[in-house]
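Inspection log for the structure reproduced underneath, given as C-alpha cells.
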Amino acid sequence: MGGFGFTPEQETLRQEVRRFAQKELAPGALERSKMPPEDLHRALHDIDKKIVELGWTKINVPEKYGGYPLGHVEIGIIHEEVHKVDPTVEAVGGMEATSALLQTLPQDVQDEWFPALISRDRRHSFGFTESAAGSDAAGIVTKAVRDGDDYIINGEKTPLPGATIADAVSISTKTDPSAGFKGISLFWIPTNLPGVTIRPLPWMGNAGLYPSFVTFDDVRVPARFREGPEGMGFYTVMGTLDWLRIIVALTCLARAQASLADAMEWAKERKTFGRAIASYQGVSFQIAEHHTMIEAARMLCYRTLWLKDEGQPHTVESSMAKWFSVEVSVQCVKDMLVLIGHPGYSTEHMISTRLRDVLGYQLGDGPPQIQKMIIARLLIGKAVVG
Ligand SMILES: Cc1cc2nc3c(=O)[nH]c(=O)nc-3n(C[C@H](O)[C@H](O)[C@H](O)COP(=O)(O)OP(=O)(O)OC[C@H]3O[C@@H](n4cnc5c(N)ncnc54)[C@H](O)[C@@H]3O)c2cc1C
C-alpha cells in the first residue's frame, strides 16, 4: 500500500487470486460449505495441493526451506479474495505463526517439520482457550511441570481449532502458576504422544476451522519442545493475535462483500408489487449503507496490516479493526439474507453458512468487549481501565 491505495503489484496479486478462486474454488464451494469437518478435510485434498503449488504455504517461512517473504497487506488480499468464494479453505492461515513457533525449536525438529508442513502432508494448529479461561487468557489452568529433561503436561484446550487434523499443536501452559501471565510457557506437542486425546466439537459453523476438544493427561514432552524461554508465552500469544485478528476481520468482510454482491444481483431481478426490489429506497439505501460500512472497515484492516509491515505499533488499530469489521459483517450478512428472502434462509444458499461463520468470529480471537478493553486500556491507561 502506498498513500491510500494498493500498489499495481498488489492489484495484480488480487486479480490472480480472484482468478484462482473462481477457477479452482468456486466449483463445489457450496457443497463443501455443508460438509461436516471430517468429510470437508478429504474434499479439500486436491485444493490443498494446488495451494501448495502456488507457494502460499512458504510465505514468511525461512529461506532454507524454500520460504520467501511477503507483506501482510498481500496476505490480507489473499485471504479476502479466497474467502469471498470459499470460506472453508485455509489459504495461508496461521503458517507464519507456525513458522515463528517452530523456529524457537532445535534445528533437527525444524528440519523434520518444516518440509512436511509446507507440503501439507502434516498440519499444525495452536490454541490457548480452555473451558475455564477464554477472554482471560492468563487464567488458564493447564500445567507443565518440569521432570528432568521433560515436562509433564496436564489439562485441556477447547476449542482448539484444527486439532482433529493436526500432527502437532502448540498450546499455552502454566509453568509457574504463582506468576500470573508471566508464568505462561508454550509447547509444541506432537498429537501422537501418549496422553493426548482429541475429539471434534459440534459447532454451528466454521467447519473449516475443525473445532476440537483436546485433553492432555500426563503427556511427557521433551523440554526441547518448549517454544522460547519459560514465562514468555503470554507475550508470544498476544503478539500473534495482534495481526491474526486482522486476517479474521478480512475473512468476515469477504463473506459480507460476497453476500452484498449476491443480494444486489437478486434485488435487480426480484420483483414485488410489479417492481424490482432494488427500486425501493428501503432496499437500495441498505445496500449503500452496508457498502459504506464495509469499505470503512476494510480501510481499518489494511491500514493496520500496513502499520505492521512498516514495523509500527498496531495493537489499538488491530482491536478496532477486529470488533468493527466483524460487527459490520454480521449486520451486513444478516440484512442481506433477509433481503434475499426465504431462498437466503435455505442451506442451498451460501449466505446461511456465511451468517453462521461470522457469528462465531465475534468470539474467535476475542469478543468485542475484550477488543474495546484493549483499546480503552491503551488510550486511557492500564492503571485506570480494569
Ligand atoms: C469461531 C471461533 C474461533 C476460535 N478460534 C480460537 C483459536 O484459534 N484459538 C483459541 O485458543 N480459541 C479460539 N476460540 C475461542 C475464543 O478465543 C473464545 O471464545 C474467546 O476468547 C472468548 O472466550 P469464552 O468463549 O470462554 O468467553 P468468556 O471469556 O467466558 O466470556 C463470555 C462473554 O463475557 C463477556 N466478557 C468477558 N469478559 C469481559 C469483560 N472483561 N468485560 C466485558 N465483557 C466481558 C463477553 O461478551 C464474552 O463474549 C474460537 C472461538 C470461536 C467461536
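Whatever order the structure lists ligands and atoms in, that order sets their numbers, starting from 1. Numbering starts at 1 and runs along the sequence shown.
Applying the side chain to side chain donor-acceptor pair (under 3.5 Å) test to residues at least two apart or on different chains, the pairs with a partner in residues 181-192 are Thr175-Ser185.
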Side chains of residues 203-216: which donor-acceptor pairs under 3.5 Å do they make with residues two or more places apart or in other chains?
{"residue": "Asn206", "atom": "ND2", "partner": "Asp357", "partner atom": "O", "Å": "3.0"}
{"residue": "Ser212", "atom": "OG", "partner": "Leu160", "partner atom": "O", "Å": "3.3"}
{"residue": "Ser212", "atom": "OG", "partner": "Ala163", "partner atom": "N", "Å": "3.3"}
{"residue": "Ser212", "atom": "OG", "partner": "Thr164", "partner atom": "N", "Å": "3.1"}
{"residue": "Ser212", "atom": "OG", "partner": "Tyr210", "partner atom": "O", "Å": "2.8"}

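In the hydrophobic clustering (ILVMFWY side chains linked at under 4.5 Å, chained through shared members), Leu30 is joined by Met350.
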Using a 3.5 Å cut-off on N/O to N/O, what pairs does ligand 1 make with the protein? A line per pair would be great.
{"residue": "ligand 1", "atom": "11 (O)", "partner": "Phe128", "partner atom": "N", "Å": "2.7"}
{"residue": "ligand 1", "atom": "11 (O)", "partner": "Thr129", "partner atom": "N", "Å": "2.9"}
{"residue": "ligand 1", "atom": "11 (O)", "partner": "Thr129", "partner atom": "OG1", "Å": "2.9"}
{"residue": "ligand 1", "atom": "12 (N)", "partner": "Thr129", "partner atom": "OG1", "Å": "2.7"}
{"residue": "ligand 1", "atom": "17 (O)", "partner": "Thr129", "partner atom": "OG1", "Å": "3.4"}
{"residue": "ligand 1", "atom": "23 (O)", "partner": "Ser135", "partner atom": "N", "Å": "3.3"}
{"residue": "ligand 1", "atom": "29 (O)", "partner": "Ser135", "partner atom": "N", "Å": "2.9"}
{"residue": "ligand 1", "atom": "29 (O)", "partner": "Ser135", "partner atom": "OG", "Å": "2.7"}
{"residue": "ligand 1", "atom": "47 (O)", "partner": "Gln369", "partner atom": "OE1", "Å": "3.0"}
{"residue": "ligand 1", "atom": "47 (O)", "partner": "Gln369", "partner atom": "NE2", "Å": "3.0"}

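Formation of a donor-acceptor pair under 3.5 Å by the Arg226 side chain with backbone atoms of Gly228 is found in this model.
Taking the centre of each ring, Tyr302 and Phe6 come in below the 6.0 Å mark. Between His124 and Trp113, the ring centre distance reaches or exceeds 6.0 Å.
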